[in-house]
**Q** 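Pasting in a structure now, in structure tokens, and then I'll have a few things to ask.
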Amino acid sequence: MSTSPSPTLPSADPLANKAQAWSALFTEPMSELVQRYTASVNFDKRLWRADIDGSMAHARMLGAQGIINAEDVAAIERGMTQIVGEIESGQFQWQLALEDVHLNIEARLTQLVGDAGKRLHTGRSRNDQVATDVRLWLRGEIDGLAVLLAEMQRSLLTLAESHADTVMPGFTHLQVAQPVSFAHHLLAYVEMFARDAERLADARRRTNRLPLGAAALAGTSYPLDRHAVARALGFEALCTNSLDAVSDRDFALEFSSFASICMVHVSRLAEEIVLWMSQNFSFIDLADRYCTGSSIMPQKRNPDVAELARGKSGRVIGHLMGLLTLMKGQPLTYNKDNQEDKEPLFDTVDTLRDTLRIMAEMVGGIRVKAAAMEAAALKGYATATDLADYLVKKGLPFRDAHEAVAHAVKVAIAQGLDLSQLPLDTLRGFHASIGDDVFEVLSLKGSLNARQVLGGTAPARVREALAAHRRRLG
Ligand code: ARG
């Protein structure tokens with residue numbers, strides 16, 4: 001089967017002619033402003049490899065189906081190989097007048113191999129082409145991000161492995177609550193990033209579906225073998241409704257949601273790092289290479305990297321809002337609005353990639369000030385719950401125990417002492433059942449060790465969790 005020349009592409013020299021009218025239907029060329037306003041090549045050229053991979057799979061399938069002949073397929077392969085070389089070496093001439101990555105590559109192909117290049121677009125539209133390209137590109141980025149997410153977890157895990165027995169105050173309302181193992185605290189972030197990795201893998205499944213074959217919107221009259229194209233490109237399924245195939249950007253929304261949640265986790269960790277490094281906490285120090293100084297205050301070492309990671313979560317969340325808003329009013333099917341999906345998506349990928357890399361590195365350079373953490377844990381009556389639990393074990397109802405300990409804390413505050421520093425006689429004044437075994441209970445170590453429940457902060461449980469994460473992550 002052969003096709004008549006495409007009516008939308010100029011026939012002689014597409015690079016020269018594109019600055020003129022779009023097709024024979026038009027009586028005048030686009031204004032320069034409209035050209036600039038509608039062009040996307042400045043940013044979507046980033047999709048070039050996916051575009052060429054998609055075109056090659058399409059061309060080979062057209063050949064196998066007898067829609068174009070073997071010489072045309074060979075010519076397209078030859079032309080595309082040259083184009084890959086030109087793009088990789090920076091010699092490819094991207095033309096704004098050719099609007100986007102797709103038309104730039106197709107025009108150059110036609111320049112190089114003539115009519116075979118003009119046959120490539122048989123049974124295809126830029127609508128299914130761009131949807132295919134973005135999915136292919138994003139799939140590759142997802143795989144890279146999955147590696148970085150594992151690295152982030154490993155970095156936290158490695159730090160945690162040295163600190164199962166390091167005690168820090170656990171907070172609620174940013175008030176000292178109960179002592180916890182520092183490793184336990186770090187593993188909370190490992191859990192968050194592990195869930196992010198699950199979300200990412202799930203988003204990948206729905207990204208990895210092939211739109212090609214939907215053509216402009218309704219499918220095509222050529223006998224395409226969509227399964228063959230999917231196999232060639234590593235897609236695990238086909239988009240099964242042509243109208244949905246060209247207009248669906250759920251995969252971008254899902255990815256962007258994943259990225260936003262992940263950046264929220266990064267941001268919370270970054271916030272804690274900033275707090276921990278401040279003189280008022282002094283729980284950690286960061287390696288100098290992750291800090292900056294002040295132009296006026298010579299004593300300053302600022303945790304800029306952590307602050308920026310926290311700040312950059314804003315733009316990733318903003319991109320999610322932008323993409324959701326982009327999609328919400330669009331009637332089926334493809335609309336040019338969709339061209340606006342790329343910059344937010346690209347920036348989301350870039351921001352998340354750089355942020356995960358730098359945060360993983362920075363966590364690896366954290367120096368822990370265990371003595372300061374422990375001193376802080378001793379300050380806020382963090383073992384008051386342990387005293388209440390102790391009384392419950394002696395037979396008091398929990399609410400009565402809670403009240404007795406509130407009195408004890410009040411007295412301790414008035415005397416400027418920790419609960420464990422009150423004499424046994426004083427403690428017995430709050431309840432007669434208190435014996436000298438209470439001091440073990442009131443110690444930080446005793447408090448941690450008491451929390452043996454699955455998921456609790458007892459160092460024995462924490463060591464099991466560390467081992468399980470290490471087995472999972474390697
Ligand atoms: N540059 C366009 C985009 O990113 C490609 C698809 C254009 N399709 C069209 N019918 N104008 O969405």
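These numbers come from the heavy atoms of this one structure, side chains and all, not from hydrogens, waters or symmetry mates. Atoms within a ligand are numbered from 1 in the order they appear, just like the ligands themselves.
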**Q** Could you go through the side chain to side chain contact (heavy atoms under 4.5 Å, CB included) check for Val316 and Leu320 one step at a time?
**A** CA-CA 7 Å; Val316 171; Leu320 171 61; over 6 Å; no

**Q** Would the Trp276 and His185 ring centres measure less than 6.0 Å apart?
**A** yes

**Q** Report yes or no: do Asn338 and Gln330 form a side-chain donor-acceptor pair below 3.5 Å?
**A** yes

**Q** Between Asp225 and Arg60, is the closest basic N to carboxylate O distance under 4.0 Å?
**A** no

**Q** For the residue pair Asp51 and Gln129, confirm or rule out a side-chain donor-acceptor distance under 3.5 Å.
**A** yes

**Q** Using only heavy-atom distances, determine whether the side chains of Arg199 and Ser257 contain a donor-acceptor pair under 3.5 Å.
**A** no

**Q** For a quick check: using heavy atoms under 4.0 Å, what are the residues in contact with ligand 1, sorted by chain and number?
**A** Ser40, Asp44, Asp100, His102, Arg126, Asn127, Val130, Tyr334, Gln339, Lys342

